[in-house]
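Atoms considered below: every heavy atom in the structure, side chains included; atoms not considered: hydrogens, waters and symmetry mates. This chain uses plain numbering: 1 for the first residue, then up along the sequence.
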Amino acid sequence: MPIAQAAPIYEQILSLFPTASKFWKQYAEAHMAVNNDDAIKQIFSRCLLNCLHVPLWRCYIRFIKKVNEKKGADGQDEIRKAFDFMLGYVGADMASGPVWMEYITFLKSLPAQNAQEESIRMTAIRKTYQKAIITPTHHVEQLWREYENFENSVSRQLAKGLLSEYQPKYNSARAVYREQKKYVDEIDYNMLAVPPTGSFKEEQQWMAWKRFLTFEKGNPQRIDSVSSNKRIIFTYEQCLMYLYHYQDVWYDYATWHAKSGSIDSAIKVFQRALKALPDSDTLKYAYAELEESRGAIQPARKIYESLLGDGVNATALAHIQFIRFLRRNEGVEAARKYFLDARKSPDCSYHVYVAYALIAFCLDKDSKIAHNIFEAGLKRFMHEPVYILEYADFLSRLNDERNIRALFERALSSLPPEESVEVWKRYIQFEQTYGDLASMLKVIFCFWFTC
């Protein structure tokens, strides 16, 4: 198709698969074929930082070269900046060897008008080689041989010292490459980022990325922490190109940043995660907790409020977590006020009553309030066996045997037989522990007669 007709289709594809680098590359190349430079620039601005994939970035370099190759020294400077920009993002990729070679070839082609310019050019080539040979890539051995030839062509005497200095670093990179390749070979780089369905292949890919991330986190090359963290970030970013809809990947990435001391980076990851997965409550809770941990109370509150929505269809967990948040940050009265409002909702479940009663009992040390909450809940949830058992556990902690018996008797008189088995079992267990023989036999007889 002509690109004018194909563009809407590309846009539709990329709205579904925003990290599919192969489609971004095709889209850009279609515009490049008709020299639509403005559209190409817009495409690259939208995709490059989210798609750390060497073929796409090499397409970007081809475009930069085409635009700047006839602009003389200024154009050469733009191309050099583009190479540095690219290698800063994808230079750690195992497939980046050709990019390092292409950059070195470009640097060698630059004209030098005098000895000073020649010295600058040679220094730039040397530094690029030295970065390339300590990066585990498919072409690391070839790059080492080229580096040896380069240094020997400049000065055999100087080469001896430099090569002996870099030989151990190169050996380490080559060894790590061979180990890393085992993990990379398990990864399918043609996989599209789709929501997980639980298929065996998807599980295999997630496990392959987990193994690869664990390998990188171990810093196998024993490089400095800044460089090691950069490699880990690169690996996470690549992983998200394919596991974009996996909330545990986003959570793991943000948590890693937080544990590394980079809270701001963790916050940015959570923000990106919620754009990718706006319906993930798990990520919202984790994000809210991180904001609260750094003292950003209002942003954390907004996240909880987004989970509650209008309050009508809010989950029990959303109510409970917000109550806990309010108690931590605004005090007992704020939590109590919210609970009183939440219980008015027809969708408020027994879980909210139990949670707030235990907060009052365990944190506020107020057994009377807790008892009142359980009693209030009993009017709504007498038909819920689990609620009855939670209430009984609470009364057991108070050693209130009289009210425990009363609770069991009230509950068992209203529960249908098919729903009362667990309550009967707990009642029997209670009498075996705290009652006498007569009371125990009485309860057992009633159980047999009823169930």
Should the pair [X] and [Y] be assigned to parallel (<30°), tilted (30 to 60°) or perpendicular (>60°) ring geometry?
| X | Y | result |
| --- | --- | --- |
| Y304 | Y285 | tilted |
| W209 | F212 | tilted |
| Y236 | Y253 | parallel |

Side-chain contact test, heavy atoms from C-beta onward, threshold under 4.5 Å: evaluate it for [X] versus [Y] and give yes or no.
| X | Y | result |
| --- | --- | --- |
| R231 | P220 | no |
| Y129 | Y166 | no |
| R336 | I323 | no |
| R126 | F150 | yes |
| I3 | N36 | no |

Rounded distance (nearest 0.5 Å) linking atom [atom1] of [X] with atom [atom2] of [Y]:
| X | Y | atom1 | atom2 | value |
| --- | --- | --- | --- | --- |
| E11 | I43 | CD | CD1 | 7.5 Å |
| R174 | I133 | CZ | CD1 | 12.0 Å |
| L143 | I104 | CG | CD1 | 5.5 Å |
| E419 | I388 | CD | CD1 | 11.0 Å |

Could you tabulate the donor-acceptor pairs under 3.5 Å formed by side-chain atoms of residues 85-96, not counting sequence neighbours?
from : atom 1 : to   : atom 2 : distance (Å)
D93  : OD1    : A95  : N      : 2.7
D93  : OD2    : Q238 : NE2    : 2.7
S96  : OG     : G91  : O      : 2.9
S96  : OG     : D93  : O      : 2.7
S96  : OG     : W100 : NE1    : 3.3

So, [X] side chain and [Y] main chain: donor-acceptor pair closer than 3.5 Å or not?
| X | Y | answer |
| --- | --- | --- |
| W250 | Y244 | yes |
| W24 | L14 | no |
| S420 | V423 | no |
| Q76 | L110 | no |
| S280 | L277 | no |
| S262 | A258 | no |
| N219 | I223 | yes |
| R121 | K108 | yes |
| Q205 | E186 | yes |
| E202 | L243 | no |

Do [X] and [Y] pair up side chain to side chain, a donor and an acceptor below 3.5 Å, judged on atom types alone?
| X | Y | answer |
| --- | --- | --- |
| Q321 | R324 | yes |
| D224 | S227 | yes |
| Q180 | E216 | yes |
| Y242 | D188 | no |
| Y356 | H319 | no |
| Q221 | S172 | no |

### Chi angles and distances behind the salt bridge (charged side-chain N to carboxylate O under 4.0 Å, His left out) call for E333, K337
CA-CA 6 Å; E333 282 304 312; K337 183 177 182 300; over 6 Å; no
Take atom [atom1] in [X]; do more than 12 heavy atoms of anything else shown fall under 6.0 Å from it?
| X | atom1 | value |
| --- | --- | --- |
| R397 | CZ | no |
| E165 | CD | yes |
| K65 | NZ | yes |
| K66 | NZ | yes |

### Query
Can you list the steps and then say if Y147 with E151 is a side chain to side chain donor-acceptor pair (under 3.5 Å)?
CA-CA 6 Å; Y147 178 53; E151 290 293 7; 2.8 Å; yes
Does [X] have its ring centroid less than 6.0 Å away from the ring centroid of [Y]?
| X | Y | value |
| --- | --- | --- |
| Y391 | F381 | no |
| Y177 | H138 | yes |
| F394 | F374 | yes |

### Task
Decide side chain to side chain donor-acceptor pair (under 3.5 Å) for D393 and S396; before the verdict, give the C-alpha distance in whole Å, the side-chain angles of both, and the deciding distance to 0.1 Å.
CA-CA 5 Å; D393 285 341; S396 293; 5.1 Å; no
### Non-hydrogen atoms of V140 and A132 that approach each other most closely
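For V140 and A132, the tightest heavy-atom pair comes out as CG2-O, 4.4 Å.
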### Summary
Heavy-atom closest pair (H351 atom, S349 atom, distance to 0.1 Å) is ND1-OG, 2.8 Å
### Message
Less than 6.0 angstrom from the centroid, inside 45 degrees of the normal: does K284 satisfy that with respect to the ring of Y287?
### Response
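No - K284 does not lie over the ring of Y287 by the 6.0 Å and 45° rule.
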### Message
With side chain to side chain donor-acceptor pair (under 3.5 Å) as the criterion, how do H139 and T137 come out once you've worked through the C-alpha distance, each side chain's angles and the decisive distance to 0.1 Å?
### Response
CA-CA 5 Å; H139 295 75; T137 66; 5.3 Å; no
